[in-house]
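See below for the structure under consideration.
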Amino acid sequence: MVSLFDLPLRDDLKGLTPYGAPQIAARVALNVNENTHAIPEDVAYAIVTALAESVMTANRYPDREFTDLRVALADYLGTGLGPEQIWAANGSNEVLQHALQAFGGAGRTALGFEPSYSMYSILARSTGTTWISGERDEDFRLSADTAVRQVAEHAPDLVFLCAPNNPTGTPLAIDTIAEIYDATSGIVVVDEAYFEFTPAGTASATTLLPGRERLIVSRTMSKAFAFAGARLGYLAADPAVVDALRLVRLPYHLSTFTQAAATAALRHAQELLAVVGDITAQRDRIQTELPDLGYPTVPSAANFVLFGGVRDPAATFEDLRATGILVRDVGIPHHLRVTAGTHAETSEFLSAMSEISPR
Ligand SMILES: *Cc1c(COP(=O)(O)O)cnc(C)c1O
C-alpha cells in the first residue's frame, strides 16, 4: 500500500498531518465556535430565492469582482468604507492565505503572538513564509510594549493580530494595534473574526484604516452570522492592498452561489445578528459559573471561553464526549475551550462539568 509519504511530496510537507478539529457527530457541538442558533426560516427562504435565481445564470462564470457582494459588505461595515476597499474569499482562511501569497512567500517572515489561531502558522508554511512564534504577556494578554519589542527584534514582513484572540478570547486594545502598526514597515493583519461578540462600544480596527495603507482587517460570516457552511470571509483595507490580492486569487474564486447566498444573507444582517446578545449572555454565564466549579476562566470578548483547572484535558474531553458534548482541546496544558451555545446547550455543558469527576 502506498502512503502519501511514498510520493514525491514537497520536503516541507513531509510528516505533516492535516489541520482541523475532529468532526464527530455530537448532540451538543461546542468545539469550533460556530453560531449554534439555526438561521431563521424567513431568512433561509430569502437566501433560497436568491440561490434559485442565480442557478439560471450558472451557465456563465460568476462576476469575478463580486461587485454586489462587495457593496453589501462595505455597507455592513459602515465607517465610510467603499467597495473598492473590500475583498472576500471562501472563508477568512482563504482571505488570510491571499494576504500571505501576496505579501509573504519564500525569504519572508510572518510574526504572530501565541497561543493564537493555528491557521496563521499553517498558512504561512503552505505559502513558503517563515513563521515566527511570538509570545504574549501573562494571562494571554498582549501589551503594546511586548508586541512592539518582538516586532522590532524580528522585523517581520507580516504581523498577525487576533482581536479578540482565539483560543483565549482575550481582547486587544485599538491603541495597541495602532502602536504595533507604527513599529513595523510590514503588513499588519488584524483578524476580527469575533468582532460582533465584543462589548458594545468596542472600536473596530477598520476605524484605523484611513492613512494606514499596510493595515488589513479581516472578518468572517462563519461566526456571528451563523454562515460557517457557506464559506464567506472578507477584509477591509486600502484599495491598493485589494489590487495586490487580485494578483494571487484564482479567477472566479467566489462561485455564483456563494455570492448570491452571502449577498442575500447580508440583506438580513439584523435578523441574523439578533442572537448575538443571547450568545454573549451565555458566554458571560460560563465565565460566572465555571469558576465556582473549580475551573477558572480567561476573560473573553468572543463567543467562547478558555478555562483552566483541568488536570487532564484529554480525559475531560472524553468525559464530556461520552455525554454527547463536544468541546475543544487546543493543546494548552490544563485548559479546554468551549463555545457559548444556546441557553439549553450551555446548561447541558455546565451541568456535565459539575457532574464529571474532577480530573
Ligand atoms: C473561526 C475563525 C476564522 C474563520 O475562518 P473562516 O475561514 O472564515 O470560517 C478566522 N479567524 C479566526 C481567529 C477564527 O477563529
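- A donor-acceptor pair under 3.5 Å is formed between the side chain of T220 and the backbone N or O of S222.
- Looking at heavy atoms from C-beta onward, V298 lies out of side-chain contact with F307 at the 4.5 angstrom threshold.
- With a 4.5 Å cut-off on side-chain heavy atoms, L326 and V28 do not count as touching.
- A88 and V95 make their closest contact through C-CG2, 4.1 Å (heavy atoms, listed as atom of the first residue, atom of the second, distance).
- Between F227 and N35, the closest side-chain pair of non-hydrogen atoms is not below 4.5 Å.
- Taking a cutoff of 4.0 Å between a charged side-chain nitrogen and a carboxylate oxygen, R27 and E348 qualify as a salt bridge.
- No side-chain donor-acceptor contact under 3.5 Å links T316 and D319.
- For the residue pair T127 / Q101, no side-chain donor-acceptor distance below 3.5 Å is found, with atom types taken as modelled.
- Between atom OG1 of residue T109 and atom CG of residue D157 there is a gap of 4.5 Å, rounded to the nearest 0.5 Å.
- Relative to the six-membered ring of F304, R337 meets both conditions, a distance below 6.0 Å and an angle of at most 45° to the axis.
- Taking 4.5 Å as the limit, some side-chain heavy atom of L77 sits within range of a side-chain heavy atom of Y234.
- Closest non-hydrogen pair, A301 versus P199, comes out as CB-CD, 4.1 Å.
- Interatomic distance, E94 CD to L232 CG, rounded to the nearest 0.5 Å: 10.5 Å.
- For R149, the CZ atom is densely surrounded, since the number of other residues' heavy atoms within 6.0 Å is greater than 12.
- E192 and S204 share a donor-acceptor pair across their side chains, judged by distance under 3.5 Å alone.
- Between H343 and Q282, some side-chain heavy-atom pair lies under the 4.5 Å cut-off.
- Side-chain contact check for R285 and S347: at least one donor-acceptor pair (N or O, by modelled atom type) lies under 3.5 Å.
- Here the OG1-CG distance, from T342 to L30, works out to 8.0 Å after rounding to the nearest 0.5 Å.
- Side-chain contact check for S351 and S354: no donor-acceptor pair (N or O, by modelled atom type) lies under 3.5 Å.
- In this model, a donor atom of one side chain and an acceptor atom of the other lie less than 3.5 Å apart for D137 and T146.
- In summary, the side chains of N93 and Y19 do not present any donor paired with an acceptor at a separation below 3.5 Å, with no hydrogens or angles considered.
- Among all heavy-atom pairs drawn from R125 and R10, the shortest one is O-NH2, 3.7 Å.
- In this structure, R108 forms no cation-pi arrangement with F103, as its terminal cationic atom is not both closer than 6.0 Å to the ring centre and no more than 45° off the ring axis.
- Once rounded to the nearest 0.5 Å, the distance linking CE of M119 with CD of Q97 reads 7.5 Å.
- One finds no salt bridge joining R70 and E84 here, because no Lys/Arg side-chain nitrogen approaches an Asp/Glu carboxylate oxygen to under 4.0 Å.
- Taking the side chain as every heavy atom from C-beta outward, V188 and L161 approach each other to under 4.5 Å.
- Taking both residues in full, the closest heavy atoms of P62 and Y252 are given as O-CD2, 3.5 Å, listed atom of the first, atom of the second, then distance.
- Contact detail for V190 and A205: the closest heavy-atom pair is CG1-CB, 3.9 Å.
- T280 has its side chain out of reach of T198: every pair of non-hydrogen atoms, C-beta onward, lies at least 4.5 Å apart.
- A salt bridge links E65 to R246: at least one charged side-chain nitrogen sits closer than 4.0 Å to a carboxylate oxygen.
- In terms of heavy atoms, M221 sits closest to A265 at CE-CB, 3.9 Å.
- The aromatic rings of F225 and Y76 lie perpendicular to each other, with more than 60° between the two planes, well past the 30° mark.
- A heavy-atom distance below 4.5 Å is found between the side chains of L100 and F160.
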Chi angles and distances behind the ring pair (Phe, Tyr, Trp, His ring centres under 6.0 Å) call for H154, W131: CA-CA 11 Å; H154 299 290; W131 177 251; over 10 Å; no

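- For the 3.5 Å distance criterion, the side chains of N33 and Y194 qualify, holding a donor opposite an acceptor.
- Looking only at atom types and distance, the side chain of D191 has a donor-acceptor partner in the side chain of Y120 under 3.5 Å away.
- Here E135 contributes atom CD and Q150 contributes atom CD; the two are 5.0 Å apart, rounded to the nearest 0.5 Å.
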